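Everything below concerns the one structure shown next.
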Amino acid sequence: MSGLKEIASNKSFGGYQKVFSHDSTSLKCNMKFGLYLPPDCDTNKVPVIYWLSGLTCTEQNFMTKAGAQKYASKYNVILVMPDTSPRGVNIPGEDDSYDFGSGAGFYVNATQEPWKSHYHMYTYVTSELPEIINSNFPADPDRQSIMGHSMGGHGALISFLKNPGKYKSVSAFAAICNPSESSWGQRALSGYLGDDKTLWAQYDATKLVSNYNGPPNDIFLDQGSSDEFLEKGQLNPQKFVSACKEAQVPVILTMRDGYDHSYFYIATFIEEHFKHHAKYLGISSS
Ligand SMILES: N[C@@H](CCC(=O)N[C@@H](CS)C(=O)NCC(=O)O)C(=O)O
C-alpha cells in the first residue's frame with residue numbers, strides 16, 4: 001500500500017466524514033474509501049465498523065444516503081466504507097454490466113482470467129483495508145465489526161463466518177444469503193471462480209455457517225418484506241436461517257413490513273444495527 005491521500009473532509013456530528021484514496025496492493029489499482037472519524041477519537045482508540053455496499057455502489061452511496069454519521073458519532077465508532085470493486089483496471093467488458101465487473105466485485109478473490117489479477121475484494125476488505133485503518137487511524141484493532149447491504153450483506157456474512165473472532169459482530173440488510181442459488185450470485189461466482197462449486201461454497205454464507213466454530217454471537221439479518229429482489233429469489237434469508245438453526249448458530253431475522261431494497265429502508269433502521277454492534281463492541285452511547 002502506498003500513497004494514502006485525503007481527498008475530502010467534512011465536519012459532521014462533531015466528527016469528520018472523509019474520503020481517502022490509495023494504491024491497493026491486493027487490487028493493483030488506485031482505490032477510494034470513505035471514513036467517518038467520531039469526535040472522541042482525538043484522544044482515544046475507538047472501535048471500527050466496516051460497511052460493505054451492494055451492486056452498483058461506490059464508497060459514496062452509504063456515506064451520502066444512510067444517515068449513519070449521526071450514530072457513528074453517538075456510539076463513538078469509526079466507520080469504514082470501501083468501494084465495491086477494483087476501478088479502471090482496463091479488463092475488456094469490466095463496465096458492461098451492473099452485476100458483474102466494476103461495482104460488483106462480490107467480495108471474492110477471483111481465480112479466473114481475466115479477473116484474477118485484480119478482483120481480490122475479499123483480501124482487500126478483510127486484510128488490506130483493516131491494516132491501513134489500524135496503522136493510520138485511532139482504531140482499536142481488537143474491536144471491529146462488519147455490516148453491509150445486499151452484495152455487501154453477503155460480503156459481511158462471509159467475512160464474519162470465515163474469520164471466527166476477527167469481527168465482534170455482524171449485521172446485514174437484504175443480504176444475498178445463498179449466492180450459489182441466486183442468479184446474481186451464480187453469474188458472479190462462475191465468472192470470478194469458474195465452475196468448481198466447492199470453491200463457490202467458500203463464499204456462500206448458507207454453506208459456510210455449517211462449519212462456523214467461532215464465539216457465540218447473534219447474527220443480525222434485516223429484510224424488507226416488499227423488497228423486489230427478495231421476491232425474485234436473489235436474497236434467500238430463510239435458507240440462511242434454516243442453515244443457522246441446523247448448525248446451532250444464533251440468528252435474528254427481522255422482517256420490515258412494506259420496506260423495499262433501497263437506502264430509504266436502510267436509513268430507517270440503521271440505528272438498530274449500531275445498537276447491535278455497540279453491544280458486542282462494549283460501547284454505550286454518549
Ligand atoms: N440497478 C439494479 C439494482 C441495483 C441495486 O439495487 N443496487 C443496490 C444494491 S444491490 C444499491 O444499493 N444501489 C445504489 C443505491 O441505491 O444508492 C436494477 O435496477 O436491477
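As the structure is a prediction and not an experimental result, all values here were calculated from the model. One is the number of the first residue; the rest follow in order along the sequence. We count ligands from 1, going down the list as the structure has it; atoms in each ligand are counted the same way.
- Proximity to Gly54 (heavy-atom distance under 4.0 Å) selects the following atoms of ligand 1: 9 (C).
- Using a 4.0 Å cut-off between heavy atoms, Lys65 contacts ligand 1 through its side chain alone, with no backbone atom that close.
- At a cut-off of 3.5 Å, with distance as the only test, a side-chain donor of Asp204 or Ser180 sits close to an acceptor on the other residue.
- At least one heavy atom of Cys57 lies less than 4.0 angstrom from ligand 1.
- Here's the thing with Asn61: one of its N/O atoms is less than 3.5 angstrom from an N/O atom of ligand 1.
- Protein heavy atoms are absent from the 4.0 Å sphere centred on atom 19 (O) of ligand 1.
- For atom 7 (N) of ligand 1, the closest non-hydrogen atom on the protein side is Leu55 O, 3.0 Å.
- The only member of Val241, Ile252, Leu161 that meets side chain to side chain contact (heavy atoms under 4.5 Å, CB included) when paired with Ile219 is Leu161.
- Taking the centre of each ring, Trp115 and Phe106 stay at or above the 6.0 Å mark.
- Ligand 1 has at least one atom lying under 4.0 Å from a heavy atom of His261.
- Here the protein heavy atom with the shortest distance to atom 13 (N) of ligand 1 is Thr56 OG1, 3.4 Å.
- For the residue pair His276 and Ser169, no side-chain donor N or O sits within less than 3.5 Å of a side-chain acceptor on the partner.
- Looking at ligand 1, you won't find any N or O of Ser150 less than 3.5 Å from one of its N or O atoms.
- A centroid separation of 6.0 Å or more is found between the aromatic rings of Tyr192 and Tyr107.
- Cation-pi contact between Arg256 and Tyr265: absent, since separation from the ring centre below 6.0 Å together with deviation from the ring axis within 45° is not met.
- Annotation: Tyr263 is in aromatic contact with His149 [ring centroid separation under 6.0 Å].
- For atom 1 (N) of ligand 1, the closest heavy atom belonging to the protein is Tyr98 CD1, 4.0 Å.
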